[in-house]
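Let me begin by presenting the structure, written as structure tokens, before commenting on it.
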Amino acid sequence: MLDKTFKPAEIEPRIRAEWERADAFKAGRAERSEAQPYCIVIPPPNVTGSLHMGHALNNTLQDVLCRFERMRGKDVLWQVGTDHAGIATQMVVERQMMERQEPGRREIGREKFVEKVWEWKEESGSTILNQLKRLGASCDWSRERFTMDEGLSKAVLKVFVSLYNEGLIYKDKRLVNWDPKFQTAISDLEVVQVDARGAFEWQDGDAEKPFDGEALSKALTKNPSGQMYHFRYPLADGHTYQHPTAFDDDGKPTAFETRDYIVVATTRPETMLGDTGVAVHPDDARYAPLLKAGAKVRLPIVDREIPIVGDEHSDPEKGTGAVKITPAHDFNDFEVGKRHGLEQINVLDDRARINEVAPAEYRGLDRFEARKRIVADFAAQGLLEKIEPTSHTVPHGDRSGVVIEPWLTDQWYVNAEVLAKPAIAMIESGKANFVPKNWEKTYFEWMRNIQPWCISRQLWWGHQIPAWYAPDGKVFVAEDEAHAQNLADAHFGAPTPLKRDEDVLDTWFSSALWPFSTLGWPDDTTELKRYYPTNVLVTGFDIIFFWVARMMMMGMHFMEEVPFRDIYIHALVRDEKGQKMSKSKGNVMDPLVLIDTYGADALRFTLTAMAAQGRDIKLAANRVEGYRNFATKLWNAARFAEMNECVRRRDFDPTTIKEPVNRWIAGETERAVREVTEALEAYRFNEAAGAAYEFVWGVFCDWYLELIKPILAGDDERAVAETRATVAWTLDQILKLLHPFMPYITEELWAHAVEHGERRESVLALSRWPTFSGLIDAEVDEEIGWVVRLISEIRSLRTEMNVPAGAKLPLVLPGASAELVARAKRHEETISRLARLDGISFPDAAPKGAAVIVAGDTTAALPLGGVIDTAAELKRLEREIEKAESDLGKMDAKLSNPQFVAKAKEEAIEEARERKAELEDAIQRLQAAIRRLEQVG
RNA sequence: GGGCACUUAGCUCAGCGGUAGAGCACUACCUUGACAUGGUAGGGGUCAGAGGUUCGAUCCCUCUAGUGCCCA
């Protein structure tokens, strides 16, 4: 016998063991060799990761699909694995070494350090996979892969070498996003823009407020960004010009002053050490004389002469219209510098400290320290005009959180523009589809403006770049050192010593190969043939660029086929106020805690039920509790079945059922199966879950199980046997329907039923998804619908008339047709039980002093034992009439509108007519009830 | 500045050209032989605002206000 409540913590590990025993999630099962393949590759979680809400949602949805398709008989491969996550992992291990007060990575050297990371990976790398198991994920665990395992590394080398040989990977010296904390380059995507706004204000010439270096320093320590500094750059060789200071209404200058300097505005004073020019807009009248004269500027502090150039990059509307140009430390300036042949002077080292190029007193200073000093020095020289607060965005490293420096270095790049073309075409042609579709716009926007992808990282943990350098710097790219050596020797015609490139590849480089590298590529494996392209990718919108787009590019280039047919993009899980969950806000909900509290099934069901397309999920714990209760409800329905000996019969055939109520539930089952199936096929997870929920709780538990109680308690043996079998059958269908969402409880109940019934052929996870047709019977639906409605109306009336819950009332169906009498008698026991009646009678006329119900075409009367509160009943009836008349008014208005009758759809008109007739009939009968009541009163 | 969403019950959210829905919360009654993690009944909404299209708009279109996200 089942316990009174279900205890997820007890059941879950046991069920997991059962799945394992049955090898339930194994792809390529012999008996399914002829079956259609179905494949999803998991978005590989970072080995450093632990399960958060986003993972829980992402993997629940994948699992729902996999379990659904597996039950539909397909040969399902849910390919699992983890990502080596370069920076993240290196960071974790380094931090751990620091905590243990072990020597740092630079001290122990690369080889030892990488060894340590591997050790760490062996120890802790499976944490997140075990957490996925707890969630119930039905991955083929026997095929776990890792982005740095042997096979995948081979794929990475092959791809790098191929792309290099095709000229699609190249080395280039340009500005990169440099992370001074990790001392590595990062890609554009790993940079987050953070808004900054300062508060410091100062103006030269304000006698009341002299420059206060202390105060500025304090403000900048708090927030180094958000200030605009106006510097006076003296003109070289004592040059002067007339600078306009006032304008008339037409914008013509009306007053001038003679200046021997030009004012530039900047948010980054310290970079002035590397300035090699000043730019003004070529059409800016204010500076035209300077351009014309070819005037130069003598850069303060460094005392360098630099040109003033005309470039459209300068916006006359912004600041002073003149900008300093630092080609080595700003992306825009880099371009300006290239256009005008300006020198690139790098003034920062790899930790963003001022380097040896700068005057001695600044060397070694941190960039923000240097900023304060430079400003103070300008002020001291009378070259600081003003400081004002400004709003601007500052680039930060997404992992390190520090301000990123544009820095001039040699890095490896992928020519993404070429690779993007076929990847764009595949979405355009519908060979692959975003669900919901609107994400393709985001995808196109980015892909059509794609920039070179910087793939080298100055880290130790990752795929080391397969490039070797000869002493003269000539590079040789090959899959291993021997091949590189051959290339070099052939090139130089003599044995040549080679040194391997120190850098590793961006983590996303290997992730981009995931859909085919995990299936065995570059080898021509059976898996690759069978499961590529995969069916669907399930992921969040935040990695469309990082991952989806790049898989698309690599898949098209190397497999000449899309990596997946559908791309289901799900929402972000937020807290109940709609805020992103973050540790600093303290609003993080831990899926593992929710699993401990409510069970994995409840969490899964919640996430699925809330996964409506195109909307974020604002998750509230009480939602999970509600669905935990749903699981309990199911559990108790099964318990009811068990107590009533509703055991499965192998020969049960739902098409041969006799009892109306049983035929009805069979039809409802068919309907529910259809709804859930169609919703899942269309990735409408919330609708699928909603349909299953409503069927199980609202139809099966609330009505069917209640309706059959009199039959089970009765002595019609044939009916009892049929009903028991129907309950067992329906419950089986329910377990199947719910299994993709709630795998644990359903598997448990599936197994439990065996204790009394026929043996199962397989675990539920491998059972067959139901498909029915022909079980829906309109007549039976109508009949049971009538019963349900009558019971509801009686219950409603009882409450309204304050009839004590325990009191039994007689029900009168006056002037009932023979058909109605037969129907009422057929269900008399059920109706009596559920509506708490004391029998049904069928006189010709309605009794006096009874409350009256009008349900559809049935009029029913409840004599309230002479104690009826006439006034209350009159009021109630009048309210009913009022409501019916209001509805009738709407119908009349519709139907009397010639436009409606002429133009509306036939069904809409027919519906309105039926409704009108129904309402008129109901009003008549309600009025009759009032007349009778008044006779009594 | 460019783009994409969103605004529906007290809260969290579905829905959708033809009578407004769920969960939670709330009110009243009920320990009825599956379930109090429950049952029954109920209260609660000019579907952000203004226009337009339509026989008919919460739904489609435009604008306005507010909110969120992405990109520069």
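Residue numbering restarts at 1 for every chain, and letters A, B, ... go by the order of the sequence lines.
Residue Lys894(A) is the one, among Phe6(A) and Lys894(A), whose nearest nucleotide of RNA chain B lies closer to the 5' end (criterion: closest heavy atom). Looking at which nucleotide of RNA chain B each of Cys701(A) and Asp887(A) is closest to, the 5′-most match is held by Asp887(A).
Taking atom P on both U40(B) and C24(B), the two are 13 Å apart, rounded to the nearest angstrom. A gap of 12 Å separates the P atoms of C60(B) and G15(B), to the nearest Å. When the P atom is used for both G38(B) and C4(B), the distance is 44 Å, rounded to whole Å. Taking the C1' atoms as reference points, U54(B) lies 9 Å from G17(B), given to the whole Å. For G21(B) and G42(B), the P atoms lie 13 Å apart once the distance is rounded to whole Å. A distance of about 25 Å separates the C1' atoms of G10(B) and A5(B), rounded to the whole Å. On the P atoms, A72(B) is 32 Å away from U12(B), given to the nearest whole Å. Only the C1' atoms considered, U31(B) is 15 Å distant from U37(B), to the nearest whole Å.
On a pure distance criterion of 3.5 Å, a polar donor-acceptor pair joins the side chain of Glu706(A) and the base of A34(B). Checked by distance alone, Arg623(A) brings a side-chain donor or acceptor within 3.5 Å of a matching partner on the base of U12(B). Judged by distance alone with a 3.5 Å cut-off, no donor-acceptor contact links the side chain of Lys441(A) to the base of A5(B).
For the pair Ser796(A) and G42(B), the criterion of a side-chain N or O lying under 4.0 Å from OP1 or OP2 is met. In terms of phosphate contacts, Lys890(A) brings no side-chain nitrogen or oxygen within less than 4.0 Å of OP1 or OP2 of G56(B). For A36(B), one of the phosphate oxygens OP1 or OP2 lies less than 4.0 angstrom from a side-chain nitrogen or oxygen of Lys4(A). The shortest distance between the side-chain N/O atoms of Lys633(A) and the OP1/OP2 oxygens of C35(B) is not below 4.0 Å. Not one side-chain nitrogen or oxygen of Asn629(A) sits closer than 4.0 Å to the OP1 or OP2 atom of C35(B). Distances shown here put every side-chain N or O of Trp697(A) at or beyond 4.0 Å from the OP1 or OP2 atom of U37(B).
Rounded to a whole Å, the OH atom of Tyr443(A) is 18 Å from the C1' atom of G3(B).
Phe605(A) and Phe741(A) have perpendicular rings, their planes meeting at more than 60° on a 0 to 90° scale where under 30° would count as parallel.
Side-chain contact annotation: Thr393(A) with Asp195(A), donor-acceptor N/O pair under 3.5 Å absent.
Checked against A34(B), C71(B), A22(B), the side chain of Phe545(A) finds its nearest nucleotide in C71(B).
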